[in-house]
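A quick write-up on the structure given underneath.
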2 protein chains.
Amino acid sequence: MTITAPTKSPKLHLSPLSRRSLAEDATSRLRRAIVAGELPAGSPLPEDGLAAQLGVSRVPIREALIELEQEGLIEFDHRGRSRVRDFSEEDFEPLFAMRSTLELMAARLVVQQITKEDIKELELMIREQECANDLTELSLLDVAFHARIIQAARNRPLTACWRTIRSQIEVWLAKSHREQAQRHLSSINLTVPGHQRLLADLCSGSEQKAEAAMKMEMATWREWLPE
Amino acid sequence: MTITAPTKSPKLHLSPLSRRSLAEDATSRLRRAIVAGELPAGSPLPEDGLAAQLGVSRVPIREALIELEQEGLIEFDHRGRSRVRDFSEEDFEPLFAMRSTLELMAARLVVQQITKEDIKELELMIREQECANDLTELSLLDVAFHARIIQAARNRPLTACWRTIRSQIEVWLAKSHREQAQRHLSSINLTVPGHQRLLADLCSGSEQKAEAAMKMEMATWREWLPE
DNA sequence: TTTATGTGTACTGTATACAGTGTTCAATGT
DNA sequence: ACATTGAACACTGTATACAGTACACATAAA
């Protein structure tokens, strides 16, 4: 049984599977480690050491570190050495304000142009949230849901901005869960209905409703965090 | 006459002049070239070629290209080759919307906490704008003025977001001036009074005034650009 | 003329090597 | 004790080398 190549170009054009580079792999590995708290705040990130651990050379590591710095997860000191960023409580309010601003803008844009495709995917994501086993998993799905809303706004600069804060949000949530899990247990039952409501209002065609729903969502999130 | 080292550590701590790296130099050189239109939209940016022209190796060039991609000035294709981004007219509206959102947020934050230092610097910048010789110079000073306002908002994520759009704004303005300089000649006399008014309202302590003034400023800018 | 097939080329992705620099810490002098 | 010097160290910044791969073009087959 031989594999025969198609003589005519096959019309079924697959998404051109993105040859992930080592740099991208390193980025997501490190990002996950930081979000999960495996690399605690303040940890030094020597290029040599990381390269050895991940079994690659320093080059992909350097590129990963640059990316993570843009995402606000790590910081370089004056001579180029990087550490996991140490978020203090004063960092929360600005981050929250920025998130609210971006998501409110997204809500306004989404309501005008949401597609069937968007709705289908968002509904699917809500269903996945129903199956979440623990808080950490749920909060990552939560953030992913909001990322999908941003995407539905179809505004490239907005997506770029969101990218600069998304990981930081994940860090906050994970940290908060680790430190005071019991406080958030109730939220596990609120997330799904909240998102259903939000999605409904984003589909309503009313800018007021969409904005109000998003403000509500942001307020909920606000209560989760510090103090 | 020998130079004697101070025996006691000198209290006068100078800002630790940032040993600019070749990568940073390359970034600003390339950024300027793109904004100025010397590297037209669509130009390929082979690492070898750029490295040779700037007299460095590919490593700093790679890092510069990554940075410029984050700033939205260049794009990588599916196999990692980069080109100067080609802004079409549809790209303008989203960029404008994002800018307005960020600057409005900044206005709200600034009015609560602007300092004497901020005001002094902003006034100085307005005086520099009075001396601008041509439109290009003026528009760069204009963007720098707004960047300083963002800085005065003292919100780190906001600054990071602004960084993702700033260069794109400069590209739009420069491009617009090149293509239809005469349309904008009148604006040369409006920028300074507009900024004086804006600064006054940012200092007024009234959130309403500050927001209104910034909206006005954004509307002015809006008229500069396509159609 | 079209459609397949090979081959060269231009480029990136990655590894490796080396040079330079701030920091630390011990040795030295006062 | 204290300041000063110096040498070793740990690390980044940069250059260079090599390997792999998508594309273009030329050539061969239908």
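Chain naming here is simple, since letters A, B, ... match the order of the sequence lines and numbering starts at 1 in each.
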Exercise. Grab the CG-C1' distance between B:Asp25 and D:dG13 for me, whole Å please.
Key: 13 Å
Quiz item: For the pair made of CD in B:Glu47 and P in D:dA17, what is the distance, rounded to whole Å?
Solution: 17 Å
Quiz item: Of all residues at least two apart in sequence or in a different chain, which pass the side chain to side chain contact (heavy atoms under 4.5 Å, CB included) check with B:Asp25?
Solution: B:Arg20, B:Leu22
Quiz item: Do the side chains of B:Leu109 and B:Arg154 get nearer than 4.5 Å, heavy atoms only?
Solution: no
Practice problem: List in chain and number order the residues that pass salt bridge (charged side-chain N to carboxylate O under 4.0 Å, His left out) with A:Glu47, two or more places apart in sequence or in another chain; answer none if no residue qualifies. | Solution: A:Arg58, A:Arg62
Quiz item: Between atom CG in A:Asp77 and atom C1' in C:dG22, what is the gap in whole Å?
Solution: 10 Å
Quiz prompt | Partner residues of B:Glu71 under the salt bridge (charged side-chain N to carboxylate O under 4.0 Å, His left out) criterion, sequence neighbours left out | solution = B:Arg31
Quiz item: Rounded to whole angstrom units, what separation is found between the CZ atom of B:Phe76 and the P atom of D:dT21?
Solution: 20 Å
Quiz prompt | Nearest-angstrom distance from the residue atom CZ of B:Arg62 to P of C:dT14 | solution = 7 Å
Exercise. Give a yes or no on whether a salt bridge exists between A:Lys175 and A:Glu89, defined as a side-chain N under 4.0 angstrom from a carboxylate O.
Key: no
Self-check item: Contact list for residues 119-145 of chain B, test salt bridge (Lys or Arg N to Asp or Glu O under 4.0 Å), sequence neighbours left out
Solution: B:Glu121-B:Arg148
Quiz item: Which of these nucleotides, D:dA10, D:dT14, C:dT14, is closest to any side-chain atom of A:Arg81?
Solution: D:dA10
Quiz item: Please give, in whole Å, the distance from D:dT12 P to A:Glu63 CD?
Solution: 15 Å
Exercise. Could you work out which one of C:dC11, C:dT23, D:dT14 sits closest to the side chain of A:Arg79?
Key: C:dT23
Quiz item: Can a side chain N or O of B:His78 be found less than 4.0 Å away from OP1 or OP2 on D:dC23?
Solution: yes
Practice problem: Would you jot down, in residue-number order, the residues of residues 48-61 of chain A having a non-hydrogen atom under 4.0 Å from DNA chain C? | Solution: A:Val56, A:Ser57, A:Arg58, A:Val59, A:Pro60
Self-check item: Pairing residues for B:Gln53 by the side-chain hydrogen bond (donor to acceptor under 3.5 Å, both in side chains) criterion, not counting sequence neighbours
Solution: none
Self-check item: Length of the CD-P vector between B:Glu75 and C:dT12, whole Å
Solution: 16 Å
Quiz item: Taking atom P of D:dT14 as reference, at what distance in whole Å does atom CG of B:Leu22 sit?
Solution: 4 Å
